[in-house]
Amino acid sequence: MTAPAPTRRDVYEKYVAWIDQTCATDPGARVALRRGLRRDLNDVRGLHRIVAAWLPRGVTPEEERAYYAVAAMIADQPRHAFSTAGTPETEEGEAPADEGDRPTAENEDRTDGVVVPADKNDATPVAGIPDQPPTGSAAIPRVAARNERRDSLGASFARAVAVKDGGLREDGVEKRLNLLTRQSVAGLHRHLPATVRMVRATGAGVDFAALLSDLAGWPYRAKEIQRCWLQDYYRTRSAHQEKVSAEQDTLSEDDA
């Protein structure tokens, strides 16, 4: 029996897992990737040797940029978040990626050891991936991948608000989420790195495969993605509030 063709989501999840592993085992690659934050595709020379081999044939410019942006955001974590036994740390005083630092020949050379798995992209033929839009000016809206339930940025925001002692303020989160849903592609790439960093600082996770999908699809289905983010935020937030309320009721009954 022939195995079903991998969906775009399958490829995104595989890519995200590989970038995360690369950041854990190769500090030089992580530093190079972090320098891609908020950068245009023509200004990420040090990232091509890490990311380019993963790009499917016929990839749209928007999806190509999403691959680079998500890799940079994954890498944008404190060193200890990627530390593993036997993995050397980067030097102390490493400058933040968004303070104007540029790739250097020295740092680019440090990514030479990055090995891209041979089976990185099982869905190389574009036609083999159900939700890949046509390339060129005739591109049409993407079809959602088999109604898969994804953990969107809206759900991540809700979890960040729910964190005790260090969670995000609800009113601030609502303003930021509404700001993001009004952005163009360029605006989204400009605002997302700080947003993702803020969410992750609370310990709330971010589904980078879902974020990659949303970034790649923003020009084609922005309204759908915006609705998903807002619905997921309020749905997840409501579920948490109901859980807290139920726990408080239980405690009150026990004290009675």
Side-chain angles (χ1 to χ4, degrees), residues 9 12-27 29-39 44 47 50-51 65-84 87 89-90 94-99 101 149-181 183 187-216 218 225-226 228-230 232-237 239-240:
R9 171 71 182 196
Y12 291 160
E13 288 181 343
K14 191 173 183 179
Y15 172 71
V16 164
W18 183 79
I19 290 292
D20 191 77
Q21 179 63 23
T22 297
C23 289
T25 57
D26 188 336
R30 182 179 67 82
V31 171
L33 287 171
R34 289 178 69 238
R35 291 197 168 99
L37 288 170
R38 301 185 185 87
R39 298 287 174 82
V44 289
L47 277 66
I50 305 171
V51 177
R65 187 176 183 184
Y67 268 88
Y68 283 84
V70 165
M73 285 186 281
I74 292 173
D76 185 34
Q77 294 189 78
R79 292 188 299 273
H80 63 77
F82 289 112
S83 296
T84 57
T87 299
E89 293 283 9
T90 54
E94 176 184 302
D98 54 357
E99 289 187 359
D101 50 343
R149 186 61 184 170
R150 301 180 298 110
D151 192 12
S152 78
L153 189 62
S156 297
F157 264 128
R159 290 195 301 269
V161 171
V163 173
K164 292 183 179 180
D165 301 324
L168 301 180
R169 291 178 53 184
E170 186 168 9
D171 56 346
V173 163
E174 289 186 350
K175 290 179 182 178
R176 181 172 287 266
L177 185 55
N178 278 285
L179 172 66
L180 287 173
T181 57
Q183 296 300 312
L188 202 58
H189 279 275
R190 185 169 60 254
H191 288 286
L192 271 177
T195 297
V196 168
R197 187 182 302 135
M198 180 176 64
V199 170
R200 295 171 86 183
T202 68
V206 174
D207 185 338
F208 282 105
L211 187 58
L212 174 52
S213 175
D214 289 343
L215 270 176
W218 198 265
I225 297 167
Q226 292 161 7
C228 176
W229 286 8
L230 291 168
D232 283 356
Y233 172 74
Y234 288 110
R235 183 184 293 115
T236 305
R237 183 80 185 115
H240 174 74

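Residues take their numbers from the sequence shown, with the count starting at 1. This is a predicted model, so every value here is computed, not measured.
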(request) Report the residues that fulfil side-chain hydrogen bond (donor to acceptor under 3.5 Å, both in side chains) with D171, sequence neighbours left out, ordered by chain and then residue number. (result) R169
(message) So, taking the atom named CG in L47 and the one named CG in L33, what distance separates them when rounded to the nearest 0.5 Å?
(response) 5.0 Å
(request) Could you tell me whether the side chain of L153 reaches within less than 4.5 Å of the side chain of L192, counting heavy atoms only? (result) yes
(message) Keeping R38 on the side-chain end and R190 on the backbone end, is there a donor-acceptor pair under 3.5 Å?
(response) yes
(request) Could you tell me which residues satisfy salt bridge (charged side-chain N to carboxylate O under 4.0 Å, His left out) with E174, sequence neighbours excluded, listed by chain and number? (result) none
(request) Check whether any side-chain heavy atom of L230 lies under 4.5 Å from a side-chain heavy atom of T181, and answer yes or no. (result) yes
(message) So, using side-chain hydrogen bond (donor to acceptor under 3.5 Å, both in side chains) as the criterion, who are the partners of Q226 when residues are at least two apart?
(response) none
(message) Is any side-chain heavy atom of F208 closer than 4.5 Å to one of L212?
(response) no
(message) Just so I know, are the side chains of L215 and V70 near enough to count as touching, which here means a heavy-atom distance under 4.5 Å?
(response) yes
(request) Please identify each residue that fulfils ring pair (Phe, Tyr, Trp, His ring centres under 6.0 Å) with Y68, with sequence neighbours left out. (result) H48
(request) List for me each residue that meets side chain to side chain contact (heavy atoms under 4.5 Å, CB included) alongside A160, sequence neighbours excluded, and say none if there are none. (result) L168, V199, T202, A204
(request) Would you indicate whether the side-chain heavy atoms of L211 and V16 approach each other to under 4.5 Å? (result) no
(request) Please identify each residue that fulfils side-chain hydrogen bond (donor to acceptor under 3.5 Å, both in side chains) with T195, with sequence neighbours left out. (result) R176
(message) Taking the side chain as everything from C-beta on, heavy atoms only, tell me whether F157 gets closer than 4.5 Å to T236.
(response) no
(message) With a 4.5 Å cut-off on side-chain heavy atoms, are M73 and L37 touching?
(response) yes
(message) Taking side chain to side chain contact (heavy atoms under 4.5 Å, CB included) as the definition, give me every residue that meets it alongside R65, ordered by chain and number, with sequence neighbours left out.
(response) L41, H189
(request) Hey, can you tell me if W229 and W218 have their rings parallel, tilted or perpendicular (30° and 60° cut-offs)? (result) tilted
(request) List for me each residue that meets side-chain hydrogen bond (donor to acceptor under 3.5 Å, both in side chains) alongside R159, sequence neighbours excluded, and say none if there are none. (result) D151, S156
